Each structure stands twice: as C-alpha cells, then as structure tokens.
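One structure is given below, encoded as structure tokens.
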2 protein chains.
Amino acid sequence: MLTIGQLASYAGVTVRAVRHYHQIGLLPEPERDSSGYRRYGAKAVVSLIKIRTLADAGVPLSQIGQMLDADPSTFAETIQRIDNRLHDEIERLKTSRKQIAQLAARDSLALPSEVVRYLDRLREIGVAERVVEGERDGWILVAARWPDHIHEMIPAKLAQLDDPQLVRLYRVLSEISESDVGDDSRLEEVADIMAAGMAEQAANSGETDPADVTPDDLPFDLLDALAVESDPRAQRLLDMMRERGWGSWTRSRPERLADPPDQGLSSRS
Amino acid sequence: MLTIGQLASYAGVTVRAVRHYHQIGLLPEPERDSSGYRRYGAKAVVSLIKIRTLADAGVPLSQIGQMLDADPSTFAETIQRIDNRLHDEIERLKTSRKQIAQLAARDSLALPSEVVRYLDRLREIGVAERVVEGERDGWILVAARWPDHIHEMIPAKLAQLDDPQLVRLYRVLSEISESDVGDDSRLEEVADIMAAGMAEQAANSGETDPADVTPDDLPFDLLDALAVESDPRAQRLLDMMRERGWGSWTRSRPERLADPPDQGLSSRS
DNA sequence: TGGGGGGTTGACGCAGCGTCAGGGTCAAGT
DNA sequence: ACTTGACCCTGACGCTGCGTCAACCCCCCA
C-alpha cells in the first residue's frame with residue numbers, strides 16, 4: 001500500500017493536489033492505517049493518472065468526475081465543449097497580445113495611432129509637454145465615447161495646425177502653462193483665437209440643424225472639467241469663451257439660450 | 001461631477017470593478033458628497049480608461065499601478081514581460097488542445113496511440129472487455145512510469161499475439177473473468193502458459209546481469225496489486241506463479257531468493 | 001407617501017491548488 | 001532512550017478579478 005506522497009509522486013502531482021481531489025470528491029478517500037495515514041491501492045494510482053491527464057488537457061476538475069463515467073458520445077460532446085472553450089481562451093489571449101503590442105509606445109495608452117501622430121505633430125511645433133499631455137487625456141475621453149469618429153476628426157485637427165493662428169494659440173498656451181501667474185491679457189488672446197476658430201468651423205460645417213447634433217453633453221463637460229482640473233486658470237478661459245457666446249472651446253456650436261448658465265462639469269450635482 | 005455609475009458606464013466597466021480598483025488602491029478614492037456618495041472628476045475618467053486599457057491587454061491589476069507612472073524604458077520592459085507571459089499561456093493552452101484532441105478516443109485516456117491499437121487487437125482476438133480494461137489500466141501505470149519505453153514494449157506484445165499459446169491464455173482469462181467461480185484447474189493452465197512465456201522471454205533477452213535490470217519494483221507491485229484489486233482470484237494466480245519460481249506474471253526475471261516471501265503490494269506496510 | 005432606481009459597506013463565491021501553522025509518526029542514527 | 005529529518009494529519013488563509021447577494025440609505029417623481 002502506498003502513502004499519499006508515493007501516490008502523488010508516481011502520478012507526478014503534489015500531495016496537496018491529491019488532498020484537494022479528495023476534498024472535492026473527485027478521488028475517493030481511501031482507508032486509513034492505524035496511525036491515520038491514508039493508504040492507497042493500485043486503482044487509486046490509475047484513477048489519479050486519469051484525472052491528471054484530463055486536467056492537463058484543460059478539463060475543469062468539476063467536469064472530470066462526470067467524464068470518467070460517461071458513455072462515449074457524452075464524452076465526445078464534453079470534449080468538444082472543452083475544446084471550444086480553450087479555443088476561445090486562446091483567441092482572447094491573442095487579442096491581448098496584439099493590444100499589448102500597441103502599447104509599446106507610451107502615448108498610445110488607450111489611443112489609436114492617428115491620435116499619437118497628431119500629438120507628435122504638436123511636439124514638433126514646440127507645444128509644451130504639459131499641454132500635449134492635456135490634449136492626450138482629452139483625446140482619451142473622446143476616443144472612449146466616439147471610437148469610430150476619431151479618424152474623421154483627426155485630419156481636421158491636423159489641417160488646423162497649418163493655420164498660423166492656431167500655432168500661435170498653442171504657443172501662447174504653452175507659455176502660460178510654463179509660468180504660474182494668472183495673466184489675463186494672454187488668456188484674452190487665447191480666447192479670441194479660439195472664438196475665431198469656432199466661428200470658422202461653424203461656418204464651414206454649414207447649416208446643420210441644432211437638434212441634429214448629438215445631444216450628448218457629457219463628454220464636452222468632461223473635456224472642460226479636465227482642463228480646469230489640470231490648471232484652474234482654465235476656468236477663466238471658460239468664462240471668457242462664454243462671454244464670447246460659446247459654451248466652451250470644446251463645443252463647435254453656439255450655446256443654446258435655454259441652457260442653464262453654468263454648463264461646467266463642476267456644477268453637476 | 002459624476003456618480004460611480006456614470007463613471008463606470010463612461011469607461012465601459014461595472015460599478016463593482018470601480019470599487020474593486022479603489023479597494024486595491026489602483027484608483028484613488030474621490031471626495032464624497034454630503035450623503036456619502038463618491039463624486040468623480042474628469043481625471044478619474046481618464047485614469048479609469050487607462051486602467052481598463054492595460055487590463056484588457058492582459059496586464060495584471062497588481063502591475064498597472066506601477067506602469068502608469070513608470071519611465072518609458074521600465075514601461076517597455078514590463079510590457080515585454082507581460083507579453084512573454086501571455087505567449088507562454090497561449091502555448092500552454094495550445095498544448096492542452098492537442099492533448100484533448102488525443103482524448104477523442106475513449107481508451108486513449110493517458111495512453112499513447114500504440115497502446116490503443118494493441119488493445120484493439122485484443123478485442124479483435126475476442127478478449128473479454130473486462131480483461132481489456134484491466135490491460136488498459138495496467139498500461140496506464142506503465143506509461144506513467146516509463147513513457148519513453150512504451151514504443152519498445154508494444155511491438156513485442158503484438159508479436160506475442162501471433163503465438164497460439166498466448167491467444168489461448170487470453171481466451172481462458174476471458175472465460176474466467178466472465179464466470180464467478182474459483183476454478184483452480186483453469187488457473188493452473190493460465191499459470192503454466194504464463195510461466196512458459198516468461199521462460200522464453202528470459203531466454204530471448206539473453207544473459208542480462210540481474211543487477212543491471214531496473215531495481216524499481218514499485219510499478220510491478222502496482223500491476224500485481226491492480227489485478228488482485230480487480231479480481232481477488234488473481235491472488236491465487238500470483239501464488240501459483242511464485243510456486244513456479246516467478247515473482248509474478250509482470251516480472252520478466254526470476255525471483256531473487258533473498259527477497260521476502262510475499263512481494264505483493266498488499267503486504268507493503 | 002410610496003415606489004423605483006440610484007448609492008453605501010460587508011461578505012461570500014469562483015478554480016486549483018500553494019503555503020503556512022501546529023501538531024503526530026516513522027525509520028534511522030547516536 | 002533520545003534526537004533528527006522526512007513524512008503524515010487537519011485547518012485555514014492567499015491568490016485573481018471581480019459577480020452577486022444582503023441590508024440599508026438617498027433621491028426623484030407621481
């Protein structure tokens with residue numbers, strides 16, 4: 001008769017595993033000897049090897065019991081199900097590997113490659129890192145809400161960078177971000193350029209029915225709030241934009257009069 | 001400000017997941033409002049999306065925290081490690097799938113295909129199912145101990161089946177297994193054929209030094225014990241073999257005299 | 001004023017064991 | 001007779017990433 005250690009080593013498993021199989025009723029508890037040790041016969045060895053074979057093949061322990069005394073057709077069905085499960089799992093992991101490959105570049109956290117290229121363009125232009133990071137986080141929010149629209153939006157943003165006014169805008173923003181005083185005159189300039197840009201965009205996009213535009217305010221509110229959280233001076237900028245008739249710099253349509261006065265995220269109760 | 005539900009749905013995760021990230025310190029607990037509700041700002045949304053992105057890519061939660069504020073080279077290293085892990089995991093599952101494909105045929109539980117063919121041959125010869133199952137379990141024990149020697153042993157076994165004496169042996173065994181009386185005269189015949197077979201084998205294998213043979217008695221003991229456990233009448237057969245000078249029918253070498261009288265597994269304390 | 005759909009903490013459950021903790025047992029050496 | 005070291009025993013927590021109650025609080029609407 002074998003002890004549990006001998007049994008386990010013959011089958012190539014750990015003692016703990018054997019006891020676990022006892023606990024879940026997969027392997028029947030054997031007789032004990034006078035000192036309470038479990039004593040195993042040859043059939044237990046065979047059973048244990050069968051169990052390990054199935055377990056190594058990816059069969060969940062909870063199903064092994066039924067498989068060991070199932071008729072061949074049931075057995076085959078179960079095998080098929082397990083195999084499908086394994087296949088799906090493999091696909092899941094492969095997808096993960098693809099995604100992880102995308103993450104090699106730091107910026108691409110949660111961002112499609114087009115956006116990463118856009119951010120690199122900003123850096124080339126000389127935009128301060130803090131501002132680029134703010135932009136990146138903003139795009140993360142946008143990508144989460146409208147993942148399919150990103151590739152329509154990015155070309156427009158890239159084109160805007162050919163406009164000297166917008167380059168000027170980013171330069172001024174960078175300077176502001178690197179100083180820590182509240183310099184209202186620069187903010188006024190920023191607001192002016194932004195307002196002009198918004199007007200131009202609104203004109204270009206033609207006479208779209210306001211009700212036709214997505215009524216989903218949350219992402220815009222988040223973008224505004226993100227800016228304010230990153231740099232409280234952004235709140236002044238928001239106010240300035242509102243003075244100029246825009247809900248914020250993130251909304252490409254005029255503020256509706258019926259809206260409550262403060263659209264900022266900070267006021268959502 | 002967002003509630004936990006709004007935050008979760010924006011990022012495409014469950015409320016429970018968000019709370020879990022709080023618990024393990026992955027996402028900082030936000031301020032509470034007057035009634036104890038968590039209130040989230042835009043940065044929390046961005047953080048959560050980043051977390052989900054990494055988690056979806058297969059990064060364990062325990063590492064995501066460090067990754068989010070790691071320098072690019074550390075980040076890349078970690079990514080590499082994760083990718084290796086995923087790769088290994090995929091290989092494991094692929095191996096499982098291969099193994100599970102092998103299991104399609106019922107007998108092949110823990111057995112190489114050569115053995116399955118051997119067992120099929122036995123069935124063709126007309127060996128009773130109970131005897132075949134006994135053989136199968138025996139081979140499971142053998143395969144577990146000497147997996148690499150199986151393909152040397154099976155051809156010899158197949159060749160033996162061309163010997164009319166051995167076919168006779170299996171036939172008698174089958175008859176015995178299907179009756180339930182202790183028929184000593186038939187057992188004697190079985191023992192005689194077995195002893196003759198053992199002698200022939202011993203002669204064929206030449207003058208191998210007894211000390212040269214594997215000293216590993218355990219598998220033989222298990223094989224003997226397996227037979228006895230399957231059918232107590234096998235104990236008589238063991239005794240008969242011992243009378244004829246053989247340790248058992250499983251040992252292809254003569255019993256050493258120095259050995260204790262009862263080699264059976266049942267006597268191991 | 002009641003009901004439905006939020007939110008809160010706390011705790012168990014899942015798979016398959018690994019890994020202590022805190023004992024007892026066996027075989028062998030001194 | 002005593003010690004050592006290698007086993008054995010039970011019981012219980014740990015790991016991963018949440019799902020799923022339970023039991024209670026909060027807000028808004030008809």
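Every chain is numbered from 1 and lettered A, B, ... according to where its sequence line falls, protein lines coming before strand lines. What you see is a predicted model; the values in this text were computed from it and never measured.
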**Asked** Has B:Thr14 got a side-chain N or O lying under 4.0 Å from the OP1 or OP2 atom of D:dG19?
**Response** yes
**Prompt:** Rounding to a whole Å, what distance do you find between A:Gln23:CD and C:dG13:P?
**Reply:** 14 Å
**Message:** I'd like to know whether the aromatic ring centres of A:His22 and A:Tyr40 sit less than 6.0 Å apart in this structure.
**Reply:** yes
**Prompt:** What string of B, S and - do you get for nucleotides 5-12 of chain C 5' to 3' if you count protein non-hydrogen atoms under 4.0 Å?
**Reply:** -BSBB-B-
**Asked** Are the charged groups of A:Lys98 and B:Asp83 less than 4.0 angstrom apart, N to O?
**Response** no
**Request:** Would you mind telling me which residue lines up with the more 5' stretch of DNA chain D, B:Ser34 or B:Pro60, judged by nearest nucleotide?
**Result:** B:Pro60
**Fill in**
In whole angstroms, the gap separating P of D:dC9 from CD of A:Glu31 amounts to 14 Å
**Prompt:** For residues A:Tyr21 and A:Arg52, is any side-chain donor paired with an opposing acceptor at under 3.5 Å?
**Reply:** yes
**Asked** Charged N to carboxylate O below 4.0 Å: is that the case for A:Asp88 and A:Arg85?
**Response** no
**Asked** In whole angstroms, how far is the P atom of C:dG16 from the CD atom of B:Glu89?
**Response** 13 Å
**Prompt:** Contact class for B:Arg52 (heavy atom, under 4.0 Å): base, sugar-phosphate, or nothing?
**Reply:** sugar-phosphate
**Protein-nucleotide distance (A:Arg39, atom CZ; C:dT25, atom P), rounded to Å** = 14 Å
**Asked** Quick one: bend of the helix from C:dT1-D:dA30 to C:dT30-D:dA1 from 5 pairs per end, to 10°?
**Response** 30°
**Request:** Return the value, rounded to whole Å, for the distance between atom CG of A:Leu86 and atom P of C:dA15.
**Result:** 16 Å
**Item:** Salt bridge A:Arg92-A:Glu89, side-chain N to carboxylate O under 4.0 Å
**Value:** yes
**Request:** Starting from P on D:dG19, measure out to OH on B:Tyr21 and report it in whole angstrom.
**Result:** 9 Å
**Message:** Test side-chain contact (heavy atoms from CB on, under 4.5 Å) on A:Val142 and A:Trp146; report intermediate values, then the result.
**Reply:** CA-CA 6 Å; A:Val142 173; A:Trp146 302 293; 3.8 Å; yes
